[in-house]
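Order of listing sets the numbers, starting from 1, for every ligand and every atom in it.
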Amino acid sequence: MSIIKDPGLAPEGARKINWVKRHMPVLRKLEAENSREQSFEGLKVAICLHLEAKTAYLAQVFARSGAEVAIAGSNPLSTQDAVAAALAEEGMNVFAVHGATEKKFKEHLRQVLKTEPDLIVDDGGDLVSIIHQEMPGLSKKIMGSAEETTTGLIRLRSMEKEGVLSFPAVAVNDAFCKHLFDNRHGTGQSVWDGIMRATNLVIAGKTVVVAGFGWCGKGVALRARGLGARVIVTEVDPVKALEAVMEGYEVRPLKEAAPLADLVITVAGVNRVVNREHYSYLKDGAMLANAGHFDVEIDKKDLYHYADSYTQAQPNVEEFILPGGKTLYLLAEGRLVNLAAADGHPAEIMDLSFALQFMALKYLKEKHKQLPFSLLSVPPEIDSEIARLKLQEMGVSIDTLMEEQKKYMESW
Ligand code: ADE
């Protein structure tokens, strides 16, 4: 049963899917091979991802490769109803609606799991977490899961450490073809896309504080600099902080950076990065945006509480008047700004991430009986093969080692 069956909306979604498909050549290649072989015939695949056009194409590739697919969004604000309707129109099980309440959102995740999947594509670890907390019996049937995000991997690592993980999980986020491109270049570009669409303001000349210098933070800072901003990085990890210093960024504690900031972007993967203390340091008119997976990085509950009043300044921009008259702006309700206020990462980037997701599930399907119930790396051959295919599609050729060089590399 699907949530959205709206033949009026579906054509718009179908057009969006067609557009991104044109820019996802690696996934198209996998579709061609696997639909011929019906590689997932007889298997059920559950997907929890941001339900926009690129994700919809991934779901179609699984379905055309023989899988029965059930899909939910991974954030109520990133679900695009037209795209969901297009999938429902094809007969897919779609459980998602834009702006769903937290309760409805969770209900949709449970509905996806009630289809009793064999394989899971997760984003943020929500499906895996629900299985372990509420439906432990389902674990026996599951061949494995593949995780898309840094945040999801943190949760899975905790589960592994506690010895409760009850099927193999593949850390797609840790593959080179994921974090080097999706986290850095995908987030780097799409976060600015979201901020610019929401605000329609210039970035050049602004002071931007990037809270967190992981792979996503690196991308956001890099593109901020390219847009002409003064960039200040905040970190808790000394190695990452040193890396930021060596890359030429100013590094300060958030308390010191806040009074200088025109815009603070959280990309830290932890809660309450920006909290009441910082609201008092921020200057009048400062804007706050989040690019981390969960909407916990900016303590918005505290902001609603602390503010004398708040109102919608324009779509995706809330205005808060604080005691004393200072104004702060929160973008996209503190949810992922690149997906709530824009369309997420560019298609060419998601081509890599989703090719990895597809190959990770194929690997789990073929090897699950030999795999331990732990967090596993994507086999390096899969990473290399996806990079090779992408280069081929881009018309870029590279050198190969001569036999003599191979021997040299193996010698000691
Ligand atoms: N589109 C689909 N999934 C996404 C993700 N995890 N990040 C950005 N854009 C996306």
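Close contacts between ligand 1 and Phe354 involve ligand atoms 2 (C), 3 (N) [criterion: under 4.0 Å to a heavy atom]. Remark: ligand 1 atoms within the under-4.0 Å shell around heavy atoms of Thr55 are 2 (C), 3 (N). The contact set between ligand 1 and Gly344, taken as ligand atoms under 4.0 Å from a residue heavy atom, comprises 9 (N). Residue Met350 approaches ligand 1 through these ligand atoms, each under 4.0 Å from one of its heavy atoms: 1 (N), 2 (C), 3 (N), 4 (C), 10 (C).
In this structure, atom 2 (C) of ligand 1 lies nearest to the protein heavy atom Glu52 OE2, 3.0 Å. Ranking protein heavy atoms by distance to atom 5 (C) of ligand 1, first place goes to His50 CD2, 3.6 Å. The protein atom (non-hydrogen) at minimum distance from atom 9 (N) of ligand 1 is His345 N, 3.1 Å. Atom 6 (N) of ligand 1 has as its closest protein heavy atom Asp123 OD2, 3.2 Å.
Salt bridge status for Asp295 with Lys300: present, with a side-chain N to carboxylate O gap under 4.0 Å. For Glu250 and Arg252, the salt-bridge test passes: some basic side-chain N is under 4.0 Å from an acidic carboxylate O. Using a 4.0 Å cut-off between charged nitrogen and carboxylate oxygen, Arg157 and Asp174 count as a salt-bridge pair. Under a 4.0 Å N-O distance rule, the pair Lys390/Glu393 does not qualify as a salt bridge.
Of the heavy atoms in Leu49, none comes closer than 4.0 Å to ligand 1.
No side-chain heavy atom of Val274 sits less than 4.5 Å from a side-chain heavy atom of Asp299.
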(request) Apply ring-ring contact (aromatic ring centres under 6.0 Å, His included) to Phe320 and Tyr329, showing your working. (result) CA-CA 6 Å; Phe320 294 78; Tyr329 294 99; 8.8 Å; no
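Relative orientation of the Tyr249 and Phe213 rings is perpendicular, given thresholds of 30° and 60° on the angle between their planes.
For ligand 1, none of its N or O atoms has an N or O atom of Asp182 under 3.5 Å away.
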